[in-house]
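All values derive from a computational prediction rather than experimental measurement.
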Amino acid sequence: MFGGVVTLVGFGLSFFAAVNLNYLLVTYGCVAGIGVGMSTISAITVIAYFFHKKYGVAIGIVMSGAGIGTFITGPLVQYLIMEYGLQGTFLFLAGLGGNNIVMGALMFPSELEHKHKRESKLNHSKDTTPKRQCCINYDLQNILHIDIFLDKTFMCCCVQYCLWSMAFSILMLHLINYAIIQGTTNEAAAFLMIYVGIASAIGRLISGFSVGYDGLDPVLLNFGCNGILALATAFFPLYSDRYSGQVIFAVIFGLYSGGLSTMISPLCMDLLGAKKVASGVGTLFFIGGVGYLAGPPVAGMYMTHHMII
């Protein structure tokens with residue numbers, strides 16, 4: 001609910017900041033971005049407390065919804081800008097983001113969550129350390145869960161998601177332009193992102209049905225999807241001269257990228273448990289965001305160095 005409030009405020013302030021890019025970077029990029037991030041993590045985390053046997057199915061449906069939202073956002077925003085201008089679009093997005101407040105109000109704590117909170121309070125009351133030190137230990141151990149960084153498998157997943165996010169951001173930014181350079185028309189190249197979005201929603205749903213109770217190991221499925229993406233990208237120059245090859249790559253890229261996105265929560269659930277899933281999901285999303293931001297500049301520096309040589 002708080003994430004919805006921050007999103008509403010961020011987009012609302014962007015209505016007034018639309019005339020100045022520097023202000024817009026703060027209101028839209030920071031304030032609204034923080035709100036969206038908080039709402040996203042919360043919606044994913046709450047699934048872990050309500051589902052056990054059908055956890056994979058639930059998270060797959062949730063993440064496929066996120067994929068559909070990503071797919072329709074581009075055309076929707078473009079339409080709003082044409083009809084109502086940039087400021088009117090920000091007002092619409094503010095109202096849309098504010099609906100997270102209503103959605104959050106419908107998410108009641110589960111019995112499992114109540115159980116974890118009771119155990120945390122019980123452990124806290126048994127602590128014989130001085131009061132201030134006790135509070136610090138309680139905050140770090142029961143809220144932040146810093147000990148997740150001691151899990152070697154989880155740290156390997158963090159590195160993997162950082163590297164994948166770097167490659168993902170480069171492909172999302174340059175795929176259309178690369179297709180145009182290969183001789184594809186602007187309209188046909190734009191449709192590649194639609195194929196990516198549709199395949200991503202399908203991949204999220206399929207991967208969700210594949211994990212969970214008596215399902216596939218999320219760790220193996222995660223690295224398998226990453227391996228297929230790596231092979232498809234490595235061989236892309238061999239079949240990228242034709243539009244059919246570009247479409248095939250877009251479908252493969254969307255399908256398995258969607259699977260990787262869905263694996264974040266099951267991975268944390270499997271490696272860290274429901275009690276620490278929020279800290280794990282937040283950490284992976286943060287590290288993925290760092291990789292997403294670093295990808296295009298790293299690619300730019302590589303291309304600049306290559307051109308100089």
Write down the atom of [X], the atom of [Y], and the distance for their closest heavy-atom approach.
X	Y	value
Gly4	Ser39	N-OG, 3.5 Å
Ala179	Leu192	CB-CD1, 3.6 Å
Ala18	Leu86	CB-CD2, 4.1 Å
Ala299	Ile170	CB-CD1, 3.7 Å
Val196	Ala250	CG2-O, 3.6 Å
Leu272	Gly280	CD1-CA, 3.7 Å

Let me check something: do [X] and [Y] share a hydrophobic cluster, defined by ILVMFWY side-chain heavy atoms less than 4.5 Å apart, either directly or through other members?
X	Y	value
Phe235	Tyr243	yes
Met193	Val247	yes
Ile287	Met172	no
Val281	Met155	yes
Phe149	Ile41	yes

Atom [atom1] of [X] and atom [atom2] of [Y]: how far apart are they, to the nearest 0.5 Å?
X	Y	atom1	atom2	value
Ile264	Thr283	CD1	OG1	11.0 Å
Phe286	Cys162	CZ	SG	10.0 Å
Ile47	Ser42	CD1	OG	11.5 Å
Ile176	Thr184	CD1	OG1	11.0 Å
Cys158	Ile148	SG	CD1	7.0 Å
Leu255	Ile228	CG	CD1	9.0 Å

Could you check if a side-chain atom of [X] sits within less than 4.5 angstrom of a side-chain atom of [Y], using non-hydrogen atoms only?
X	Y	value
Phe223	Cys157	yes
Met1	Met103	no
Met263	Tyr161	yes
Cys30	Leu25	no
Leu205	Met63	no
Tyr292	Met166	no
Asn22	Val26	no
Val211	Asp270	no

Mark yes or no for whether [X], through its side chain, and [Y], through its backbone, hold a donor-acceptor pair below 3.5 Å.
X	Y	answer
Asn100	Gly97	yes
Ser14	Ala17	no
Ser64	Ile61	yes
Asp151	Asp147	no

Task: Those residues that, when tested against Ser257, pass side-chain contact (heavy atoms from CB on, under 4.5 Å) (two or more places apart) - done: Trp164, Phe168, Leu229, Phe253
TODO: Taking atom OH of Tyr178 as the centre, report whether more than 12 heavy atoms of other residues, nucleotides or ligands fall under 6.0 Å from it.
DONE: yes
- [ ] For side chain to side chain contact (heavy atoms under 4.5 Å, CB included), just list the numbers for Leu221 and Ser210, CA-CA rounded to whole Å, side-chain angles, deciding distance to a tenth of an Å, and then say yes or no.
- [x] CA-CA 9 Å; Leu221 189 58; Ser210 301; 4.1 Å; yes
TODO: Measure from the ring center of Phe236 to the ring center of Phe249 and say whether it is less than 6.0 Å.
DONE: yes
Open item on the list: Determine whether Phe92 and Leu76 satisfy the following criterion, side chain to side chain contact (heavy atoms under 4.5 Å, CB included), listing intermediate values before the conclusion.
Closed with: CA-CA 11 Å; Phe92 181 89; Leu76 174 63; 4.2 Å; yes
Task: From CA spacing to verdict: side chain to side chain contact (heavy atoms under 4.5 Å, CB included), Ser207, Tyr256 - done: CA-CA 9 Å; Ser207 60; Tyr256 289 97; over 6 Å; no
Task: Polar contact flag, side-chain donor to acceptor under 3.5 angstrom, Gln160-Asn222 - done: yes
Task: Reference residue Phe90; test ring pair (Phe, Tyr, Trp, His ring centres under 6.0 Å); the match among Tyr84, Phe15, Tyr28, Phe16 - done: Tyr28
TODO: Determine, stepwise, if the pair Ser261 / Arg204 fulfils side chain to side chain contact (heavy atoms under 4.5 Å, CB included).
DONE: CA-CA 7 Å; Ser261 300; Arg204 292 167 191 249; 3.9 Å; yes
